[in-house]
Amino acid sequence: QLQLVESGGSLVQPGGSLRLSCAASGFSLDAYAVGWFRQAPGKEREVISTLSSSDGYTWYTDRVKGRFTISRDSAKNAVYLQMNNLKYEDTAVYYCAADRFRTTLRYYSESEGTKVDYWGQGTQVTVSS
């Protein structure tokens, strides 16, 4: 079965850290562009960090740049998102995604109906004191 499974979401205080994991099964993530997305209540799903399939280039939205780090572990067939200095506005459901034919997921847009090959089921991150 081809799927992505996220884990690591939790309740954390402002300023805290979390590490999200996204494990792939049934296919190798090495050949895919991967990304982390999030969706807050009442808002569109947004792309926050991507890792290209061709050259490993990483991209971050300004909202998380300097605080979040995306990485890939080929041996574990997984992608991670290290999140530091978390803020209230980081509260959302976080999703990972992978696409075989795009070199980057940076230009994803929910409103434009961007299609992506695989999505995980999402993991909740709540930043609250």
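Through side-chain heavy atoms spaced under 4.5 Å, either directly or across other Ile, Leu, Val, Met, Phe, Trp or Tyr residues, W36 is tied to L2, L4, V12, L18, L20, F27, L29, Y32, V34, I48, L51, Y60, V64, F68, I70, V79, L81, M83, L86, Y94, Y118, V125, V127. Under the 4.5 angstrom side-chain criterion for Ile, Leu, Val, Met, Phe, Trp and Tyr, Y107 has no cluster partners at all.
Between R63 and E89, no side-chain nitrogen of the basic residue sits less than 4.0 Å from a carboxylate oxygen of the acidic one, so the salt-bridge criterion is not met. Ion pair R102/D117 not flagged as a salt bridge, since none of the NZ, NE, NH1 or NH2 atoms sits closer than 4.0 Å to an Asp/Glu carboxylate oxygen. In this structure, D99 does not pair ionically with K115, as no charged nitrogen and carboxylate oxygen lie closer than 4.0 Å. A salt bridge links K65 with D62: the closest approach of a Lys/Arg side-chain nitrogen to an acidic carboxylate oxygen falls below 4.0 angstrom.
Under the 4.5 Å side-chain criterion, counting only non-hydrogen atoms from C-beta, E44 is in contact with S111.
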| task | Please step through side chain to side chain donor-acceptor pair (under 3.5 Å) for the pair S129 and Y88, ending with a clear verdict. | result | CA-CA 9 Å; S129 55; Y88 292 113; 3.3 Å; yes

| task | Starting from the C-alpha separation in whole Å, work towards a yes-or-no answer on side chain to side chain contact (heavy atoms under 4.5 Å, CB included) for V5 and Q121. | result | CA-CA 6 Å; V5 178; Q121 83 287 355; 4.1 Å; yes

| request: Give the intermediate values and the outcome of side chain to side chain contact (heavy atoms under 4.5 Å, CB included) for residues Q82 and S17. | output: CA-CA 8 Å; Q82 177 67 42; S17 297; 4.0 Å; yes

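The side chain to side chain contact (heavy atoms under 4.5 Å, CB included) test applied to S25 returns Q3, not counting sequence neighbours. Remark: D55 pairs with S52, Y57 by the side chain to side chain contact (heavy atoms under 4.5 Å, CB included) rule, at least two apart or across chains. A97 is linked by a side chain to side chain contact (heavy atoms under 4.5 Å, CB included) to F37, L105, V116, W119, counting only residues two or more places apart in sequence or in another chain. Remark: T61 engages no residue in a side-chain hydrogen bond (donor to acceptor under 3.5 Å, both in side chains) (not counting sequence neighbours).
One N or O on the side chain of D90 and one on the backbone of K87 form a donor-acceptor pair closer than 3.5 Å. Between the side chain of R67 and the backbone N or O of N85 there is at least one donor-acceptor pair closer than 3.5 Å. Side-chain N or O atoms of Q1 include none that pairs as donor or acceptor with a backbone N or O of G26 at under 3.5 Å. Without hydrogens or angle criteria, S49 side chain to W59 main chain gives a donor-acceptor distance under 3.5 Å. Without hydrogens or angle criteria, Q39 side chain to K43 main chain gives a donor-acceptor distance under 3.5 Å. Of the possible polar contacts, one joining the T123 side chain to the G9 backbone as a donor-acceptor pair under 3.5 Å is found.
Here the straight-line distance linking atom CG of D73 with atom SG of C22 works out to 12.5 Å at 0.5 Å rounding.
Heavy-atom minimum distance, A33 versus S53: N-CB, 3.4 Å.
With hydrogens and angles left out, the side-chain atoms of T126 and S128 include no donor and acceptor closer than 3.5 Å.
For the pair R38 and Y95, the cation-pi criterion (under 6.0 Å, within 45° of the ring axis) is not fulfilled.
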